[in-house]
Structure formats: C-alpha cells, structure tokens
Amino acid sequence: MTIEFSVSKRQLEMREAIRGLTKNVIRPQSLAWDRAHGVPEDFLRNFAQLATSMGSSAMRSGLGEEKGQQEKTGGNVGTIMASEEIAWGDAGLLLCLPGPGLGGPPVRGSGTDEQKERFFGIFKDMSGPLRWGAYGLTEPGAGSDVAGIRTSCRKDGDYWALSGRKCYITNGARASWTVIFATIDPALGRAGHRAFVVEKGTPGFSVGRIEEKMGLRASETAELVLEDCRVPAANLLGGEEKYQTKEGFMTAMKTFDNTRPIVAAMALGIGRAAFEYATDFVRSNYALQRHTPRYAAIAERLARIGRNLHAARMMTWRAAFMADQGMPNAKEASMSKAMGGQAAIRACIEAIEVCGAEGTIAKDHQLLEKWFRDIKVYDIFEGTGQIQRIVISKRIMTDLRAF
Amino acid sequence: MISFEPSEDQKLMIESVAAFAKSALRPKIRDFEKARQIPEAVRKQAHELGLGTLLVPEAAGGPGLGLTTAVLLEEEVGAGDPAAAFGFGGPGAFGLAVLELGDEAQRARLLAPYAGADGHSRFGAVAWGEPKALADRPGFATTATKKGDVWVLSGEKAYVVNADRAGDYVVFAQVDAAAGWDGLGAFVVRRADRGVSPTERSTTLGLDAASFGGLRLDGVEVKEEDRLAGGADFGAALVRFFAKQALLVAAREVGLCRATFDVTREYCDTRKAFGKPIGHFQAVAFTLADRAMDVDATHAMVVRAAAAWDAGPEGALSGAARWERDALLYTAYAVSYAHEAAMRCGDDGVQLHGGAGFMRDYPVEKAMRDAKQLALCAMTAEHADQLAAALELGQPLSLGLVLPTPETQNAFV
Ligand SMILES: Cc1cc2nc3c(=O)[nH]c(=O)nc-3n(C[C@H](O)[C@H](O)[C@H](O)COP(=O)(O)OP(=O)(O)OC[C@H]3O[C@@H](n4cnc5c(N)ncnc54)[C@H](O)[C@@H]3O)c2cc1C
C-alpha cells in the first residue's frame with residue numbers, strides 16, 4: 001500500500017464516457033425532467049442498459065458494491081466518481097434509475113440467500129417493465145430519531161401484520177418492493193425493530209400522497225400506508241434468528257455507512273456543476289487581470305467554493321477507499337456526508353450570488369436556480385448534517401451514548 | 001488506485017519522527033518559546049533524523065525524499081511543535097528556492113554543506129518581502145545591477161524567516177525595473193559577504209522559537225554563478241517554489257490541528273460542568289466534530305497535493321497536459337484550507353478550555369498564536385485563493401497577484 005491517486009485506464013475511459021454522456025445527453029434534458037416530474041421510461045431503460053454494459057451495477061442501483069464486483073467497476077471509489085459525474089448532469093436521474101436503489105444495501109447486508117435471490121432476481125431481466133426497490137424508514141413522527149418509529153408489526157401465524165405510515169419514500173409508489181422498518185414494541189427501542197420486504201400489491205399496503213418538493217422534482221417521493229398489512233414471514237429480512245441479537249437496528253444503520261459517501265459524492269456533482277457555471281460566468285463577464293476590488297473578491301470566492309468542494313471530495317474518496325479495504329468507516333462516511341452536503345449547498349448558493357441578479361432569472365440561468373433547489377436536501381436525507389455530527393461525536397468522545 | 005495509506009517505509013519514518021516529537025518536542029514547547037530557539041542537542045537529533053534536509057537530493061548528500069514523505073513527516077513535527085520546524089537547522093526555504101530555481105550544479109554546490117555533520121547549525125533563508133510597496137511602479141525596491149561580471153545588490157528586505165541565523169540567502173531583487181513583477185532575479189548571497197547585514201529580530205505573536213527579521217544589502221557583489229536563473233520559465237519556477245514552501249507550512253498546520261484537537265478532545269472528556277463531561281453537551285461535541293473534520297480534511301488535502309507533485313505528468317489523474325496546473329491548484333486549496341483550519345482549531349481549542357485555555361499552563365493558547373503566525377508564512381490564504389482562482393479561470397499566473405508582495409500582502413518566507 002502506498003499513497004496514490006491514480007485510476008486504471010479502463011476506469012479513466014469509463015469516466016470520460018460518462019462525462020461525454022452527462023454533458024451531451026443528460027444535462028440538456030435535465031430541466032425538462034424537472035418540469036415533467038420524472039425521466040421518461042425509454043431513457044431510463046437505455047441508461048440502465050448502458051450502465052450495466054459498462055460494468056457498474058452501482059450506477060443502476062445508485063448504491064453499494066459487492067466485494068467481488070470491485071475489480072470490474074473500481075469498487076466503492078469507482079462508484080463515488082461515477083456518482084459525482086452523473087449528478088453533475090442531473091441529480092434526479094440517479095434517484096430515478098431502476099434497480100433496488102436504497103433498498104439494495106439492507107437486503108444485500110442482512111437478507112438470507114433465498115431473499116437475495118428472490119428480491120434481486122426481479123431486476124435481472126431488463127427487457128420487461130422497469131422495476132424499482134425502495135427503503136421505508138422515515139415516518140411522520142420519526143426521521144432523525146430512528147428509534148422512535150411507531151409502525152407496528154405483530155406475528156400472526158405465517159404472517160406479520162404491519163400497521164403505520166411511512167413518508168418521504170424515494171420511489172415509494174413505483175417500487176416493486178420496499179424495505180419497511182417496524183417495531184414489535186416501541187418500549188424496546190432499537191431492539192424491537194424488524195425489517196420487512198413488503199411487496200407491491202400486498203393487501204393493506206397502499207400509496208398515500210406524492211410529495212411536491214423544492215427540488216429533485218424528477219424524483220418520486222411518496223407516502224406509504226400500511227393498514228393491517230399481512231406480510232409473509234418469509235419476508236422478514238434475515239429471518240427470525242437475525243433478531244435474537246441487537247442487530248435488528250444495525251441493519252438499518254449499516255446501509256448508511258455504504259451510502260453516505262455516495263450521497264456526498266452526488267452532492268459534490270451538483271456543487272461542482274454550479275461552481276463551474278459560476279466560473280464560466282466570471283470568465284465571460286469580467287475583464288480578467290484587471291485588479292478591481294470587486295474582481296478580487298469574486299476570485300477569492302470562487303477559490304473558496306472550489307477548495308471546499310475539493311476538501312469534501314477527498315473525504316468521500318477516503319471513506320470509499322476505507323470501505324474497499326474493509327476498514328470500519330462509519331465516522332469517515334459521516335464526515336464526508338456532512339462536508340459534502342455543506343460544501344455543495346454553499347457552492348450552489350454562492351454561484352447564484354456570483355452571477356448576481358441574473359443568477360435567479362429562470363430564463364437565462366435555469367440550471368443555476370434548479371441546482372439551488374436540488375441541493376438543499378443533501379444535507380437532510382440519509383441523516384441531516386446534525387445527525388452526522390452526532391455519529392462523529394459518539395466516535396470521538398468517551399462514553400457518549402446520547403445527548 | 002486511490003489510496004490514502006502510507007507505504008511501510010513511510011510508516012516507519014512517521015513512527016520515529018512521531019516518537020521524537022512526543023519525547024523531545026512536546027514536553028519542551030514552553031522552554032523553546034522562552035529561549036526563542038531550539039537548543040543545540042534537539043537540533044542535532046532532528047538533523048540525525050534528516051528533518052532539515054528531507055528534500056535535499058541525493059546528489060547533494062541528502063535523502064532526496066519526495067514531497068509526500070516530506071509532508072507526512074512535517075505533520076509529525078508540527079504536532080510536536082510547529083515552531084520547531086523553523087528552528088531546526090537546515091536549508092529551509094533557501095533549499096527549496098535553490099531546488100526550484102537553480103540548476104543541477106548549483107543544487108549540489110549550495111545544498112551539500114547542509115548534509116554535513118554540522119548541518120544542524122547551518123540555516124538558510126529567503127529574502128523576498130520588503131517593508132513597503134513602491135508607489136511608482138510594480139516590483140521590488142531592492143535592485144540588482146550588472147557591473148562588469150558581477151551583480152550588485154542594494155536595498156532592504158523584510159519578513160525573512162531566520163534572517164539572523166542564516167548563513168546563506170536567496171535574495172530576490174529587481175533586475176529590470178520596467179518589467180515589474182516579471183523583472184525579478186534571484187541571487188545567492190552569504191552572511192559573510194560584504195554589505196550583508198540582518199536587521200533586528202522581530203518580536204512576534206507566535207512561533208517564538210522561529211526567528212523573523214529582515215536583511216539589508218549595501219552594494220553586495222554576487223557572481224554570475226550565484227544567480228539562480230529559474231530554468232526555462234523563471235516565473236513558473238517561482239510560483240512552484242512558493243506553492244511547495246506553503247505546502248510544507250500547511251503540513252505543519254495539519255500537525256497543529258491534530259495536536260490541538262487531541263488535547264481539546266481530552267479536556268472535554270474530563271472537564272465536568274452541570275454534572276457531566278462538557279463534551280457530552282451537543283454544542284461542545286459538534287464543535288469538536290467540526291474540528292475533527294478539519295483535521296482529517298487538511299491531512300487529506302495536503303497529502304493529495306504532495307502526491308500530485310510527486311506523481312509528475314505520467315501519474316496525473318487528469319492527464320499529462322494538466323498535471324502542473326492541478327498540482328498547483330490542489331496545493332493552493334490545501335494551503336488556504338489549512339491556514340483557516342489551523343486558526344479554527346486553535347480558536348476553538350482555547351474556547352473549549354474556557355478560562356484555562358487563556359493560561360500558559362495549557363498548550364492551546366500557543367497553538368492559537370502559532371496558527372495565526374503560520375498563516376502568514378510562505379503564502380497567505382488570500383494569495384493561495386488568488387492563485388486557485390487564476391487557475392480555475394484559466395488566466396496567466398500574474399506574479400504580482402498570486403504571490404505575496406508588499407503591494408498586496410506581505411508574508412514571511
Ligand atoms: C427528497 C427526500 C427523499 C427521502 N427519501 C427517503 C427514503 O427513500 N426513505 C426514507 O426512509 N426516508 C427518506 N427521506 C426522509 C429523510 O431521511 C428524513 O427527512 C431525514 O432523515 C430527517 O428526518 P425528519 O424529516 O423527520 O426531520 P427531523 O428528524 O424532525 O429533524 C428536524 C431538524 O432537527 C434536527 N435534529 C433532529 N434530531 C436532532 C438531535 N438529536 N440533535 C440535533 N439536531 C437534531 C435535524 O437535524 C433537523 O435539522 C427522504 C427525504 C427527502 C426530503
């Protein structure tokens with residue numbers, strides 16, 4: 001091992017190919033998708049096929065990588081780089097891609113072999129209708145406070161009966177199945193949690209409202225309602241034994257160590273897009289080299305945006321590198337997410353300021369105003385900035401269990 | 001591959017320097033500060049570890065280590081005492097200036113003495129800054145005029161690190177007044193030369209064991225062989241020199257950040273208020289979490305920049321054509337980030353210690369003062385930002401803009 005920042009020729013070619021695609025195909029359609037609240041199925045199908053032919057399942061599911069896959073795709077670091085590039089083109093697209101999505105990691109991490117086969121199997125055939133998976137943890141009464149979920153589950157013969165509401169679920173309405181987190185007894189806290197794969201069409205499982213959002217409008221965010229929904233016992237993720245230990249809750253959390261750096265990388269893609277836009281704006285609107293105070297201030301600002309994005313990028317690379325090496329990286333994953341979200345939000349806000357009044361005019365700078373709307377959620381979902389700091393705090397302070 | 005893990009060799013070196021920093025530097029920081037220097041015995045140890053000559057090429061008797069190894073070791077020294085890195089013997093900025101601006105023969109001739117047994121008592125310095133900006137033209141007031149086959153240097157330089165200790169200087173002077181910042185020349189002068197006199201050592205906010213002063217030049221004669229021509233492009237070489245020197249300073253700041261974070265974290269673990277450790281209050285813990293990110297991010301950025309220089313055109317991630325631009329950009333980013341992060345770590349270090357932080361019994365107030373002083377060494381955050389912006393915007397690197405000058409903002413070199 002040595003300190004090194006190089007990628008294989010294959011990966012480099014892949015990055016160039018993705019760059020060409022994002023620039024020439026994805027970016028030009030980005031605004032239309034935003035307005036239409038979705039990406040056309042044809043495009044999704046082609047893109048998913050392309051991604052698979054390039055060897056990256058991560059691009060298709062947006063997330064996680066199995067160890068054996070690493071050689072081919074550049075591992076987690078490769079995924080991180082690809083995610084940043086695609087988000088540069090359009091962040092919504094990544095969330096829309098067919099595949100298990102956020103539901104993938106818990107099934108991969110905790111599912112039995114039979115469950116993995118059954119739930120991932122449906123994504124193999126890409127010629128049929130498009131399919132998605134989803135991840136349902138958040139509830140109206142519990143987001144950050146995961147231990148506070150109230151969706152109940154009760155064993156009833158060969159079934160479990162689930163009741164409750166889930167909200168803000170990405171691809172919730174279109175998903176073929178959703179990993180739903182429920183509790184056998186709220187008083188037990190995390191130890192009472194159970195994770196189920198709930199399939200579309202299960203009696204008692206329905207879609208509530210589809211949210212209108214500030215940004216990422218091409219992505220579907222849905223409410224899911226469970227009314228005495230009877231889920232086969234075979235869909236309890238990992239089987240009963242899995243929950244004899246305190247691992248139930250850890251199932252939910254394991255997801256995040258894998259996904260946070262990827263979400264951070266997506267944020268950086270949007271941030272970089274805004275940063276480059278502002279840089280181009282300055283290049284074409286200022287008489288460069290003229291030492292006006294205004295220009296110096298703008299230059300310093302650009303440098304600051306660029307540096308903070310770079311800092312966060314190094315953190316995402318490092319967290320992903322650690323994942324590839326099998327090193328525990330919960331703290332580093334949270335650091336990358338906290339820094340990535342913040343740096344990118346600042347980049348999008350300041351890019352508008354750098355461009356001045358014009359920056360907010362939709363007609364001329366539509367992308368800028370879109371990125372401004374898209375980026376904010378990256379410091380909210382997958383754990384808010386504050387929650388990342390709690391994760392980090394617990395790993396740097398002695399005996400800190402809760403605040 | 002992307003990897004942040006040092007090699008086995010590097011790990012061994014880091015270990016021995018860390019052990020030295022822990023045993024020989026850390027317990028003595030207040031002594032060094034009072035003495036305003038590093039005692040000879042410690043300098044000797046540092047010299048034996050090769051700390052003053054890390055970058056000196058093998059041809060000149062040094063270990064010729066890459067910048068990546070150098071920043072890793074500088075970080076360890078910085079964690080012990082960031083002032084010490086300036087107070088050890090060695091060529092310092094002088095060495096880097098000779099490496100970047102000199103030719104092969106000059107490198108070997110000028111740097112070899114520092115590898116010798118008495119290297120710990122030899123200092124080099126760079127005389128760049130000047131007390132005041134010129135009102136009538138861009139450039140330096142100090143001039144170098146060719147008379148026969150020698151150059152004659154006259155003027156006064158300021159903000160020189162180790163001015164009073166150094167035996168060798170690289171002095172920057174105006175060769176062509178009409179050319180402004182593009183009309184500079186670099187000359188090697190020696191303390192013993194006629195007309196060379198250091199000005200009074202300044203009392204500074206921090207880094208007391210280092211020494212900050214100036215240099216007067218009264219008709220100093222320099223032979224042609226002691227002019228550093230800067231290769232094909234003097235300006236580009238000059239920017240490289242400043243960038244790399246600033247990166248070494250940034251590496252010391254990484255050490256400062258880490259050490260300050262560590263003692264502060266420890267304090268927040270043990271100091272109790274309202275019935276529990278203060279670190280168990282969210283406002284305190286989140287501040288620490290933010291500083292922990294500063295520690296990790298500055299380290300990663302400094303290492304990334306150093307690795308970009310070491311990789312050269314062949315190993316560059318973004319291709320051979322852009323490698324120097326990227327190495328400069330990553331360096332500029334790392335430098336301004338480290339300057340600000342060090343200040344944040346020092347500031348919050350004092351804050352989270354409360355009143356105790358203000359007392360000299362604790363190391364954090366020194367860290368805070370050192371952080372500000374470090375941020376004024378080699379290149380300020382403002383200059384690094386101007387450099388980064390020029391690179392981002394694809395502008396030519398105008399020296400008066402991207403380097404610290406009396407016209408913009410002086411920095412200690
Ligand atoms: C577009 C979008 C897509 C989403 N997709 C999914 C999905 O697919 N699946 C899913 O399960 N969820 C999803 N979410 C939900 C998301 O994960 C939650 O919104 C998020 O975790 C925050 O929870 P909350 O909204 O309940 O906010 P709250 O937890 O109520 O937080 C409100 C504020 O309080 C702060 N806060 C809370 N607790 C603390 C504390 N202990 N200390 C300090 N500050 C605190 C938070 O940081 C935040 O600023 C999505 C959300 C959005 C917006």
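In the text below, chain A, chain B and the rest are named by the order of the sequence lines, each starting its count at 1.
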Should the pair A:Glu332-A:Lys337 be classified as a salt bridge under the 4.0 Å nitrogen-to-oxygen rule?
no

Can you tell me which portion of B:Gln10 sits under 4.5 Å from chain A's heavy atoms? Options are side chain, backbone, both or neither.
side chain

Can you list the steps and then say if A:Lys331 with A:Met335 is a side-chain contact (heavy atoms from CB on, under 4.5 Å)?
CA-CA 6 Å; A:Lys331 184 177 82 178; A:Met335 286 180 162; 4.1 Å; yes

Which atoms of B:Ala311 are under 4.5 Å from chain A, going by heavy atoms: the side chain, the backbone, both sets, or neither?
neither

Residue, of B:Ser336, B:Ala388, B:Gly279, B:Ala285, that accumulates the most heavy atom pairs under 4.5 Å with chain A:
B:Ser336

Around A:Lys23, counting heavy atoms of other residues, nucleotides and ligands shown, do more than 12 lie under 6.0 Å from its NZ?
no

In terms of heavy-atom pairs under 4.5 Å, which option from A:Ala320, A:Ala311, A:Ser6 contacts chain B the most?
A:Ser6

Tabulate, in ascending numerical order, the residues of residues 265-276 of chain B having at least one heavy atom closer than 4.5 Å to a heavy atom of chain A, or enter 'none'.
B:Arg265, B:Cys268, B:Asp269

Check against ring pair (Phe, Tyr, Trp, His ring centres under 6.0 Å), B:Phe140 and B:Trp181
CA-CA 8 Å; B:Phe140 284 134; B:Trp181 292 112; 4.9 Å; yes

May I ask you to name which of B:Val284, B:Leu288, B:Asp296 has the most heavy-atom pairs under 4.5 Å with chain A?
B:Asp296

Between B:Tyr333 and A:His310, what is the ring plane arrangement, given parallel below 30°, perpendicular above 60°, and tilted in between?
tilted

Using modelled atom types and a 3.5 Å cut-off, is there a donor and acceptor pairing between side-chain atoms of B:Thr408 and backbone atoms of B:Pro404?
no

Inter-chain contacts: residues 299-309 of chain A against chain B, heavy atoms under 4.5 Å
A:Ala299, A:Glu300, A:Leu302, A:Ala303, A:Arg304, A:Gly306, A:Arg307, A:Asn308

Among B:Glu382, B:His280, B:Glu340, which has the most heavy-atom pairs under 4.5 Å with chain A?
B:His280

Tell me whether B:Arg344 forms a cation-pi arrangement with B:Tyr337, defined as NZ or CZ under 6.0 Å from the six-membered ring centre and within 45 degrees of its axis.
yes

Is the closest basic N to carboxylate O distance between A:Arg10 and A:Glu13 below 4.0 Å?
no

Which residue out of A:Glu276, A:Met315, A:Met314, A:Arg318 racks up the most heavy-atom pairs below 4.5 Å with chain B?
A:Arg318

Side chain, backbone, both or neither: which part of B:Asp9 has a non-hydrogen atom closer than 4.5 Å to chain A?
neither

For A:Glu85, is there an ion pair with A:Arg272 - N to carboxylate O distance below 4.0 angstrom?
yes

Are there residues of residues 388-403 of chain A whose heavy atoms fall under 4.5 Å of chain B's heavy atoms? If so, which?
A:Arg389, A:Ile390, A:Ile392, A:Ser393, A:Ile396, A:Met397, A:Thr398, A:Asp399, A:Leu400, A:Phe403

Which of residues 64-74 of chain B have a heavy atom under 4.5 Å from any heavy atom of chain A?
B:Thr68, B:Leu72

Heavy-atom distances under 4.5 Å only: say whether B:Phe261 touches chain A with side chain, backbone, both or neither.
side chain

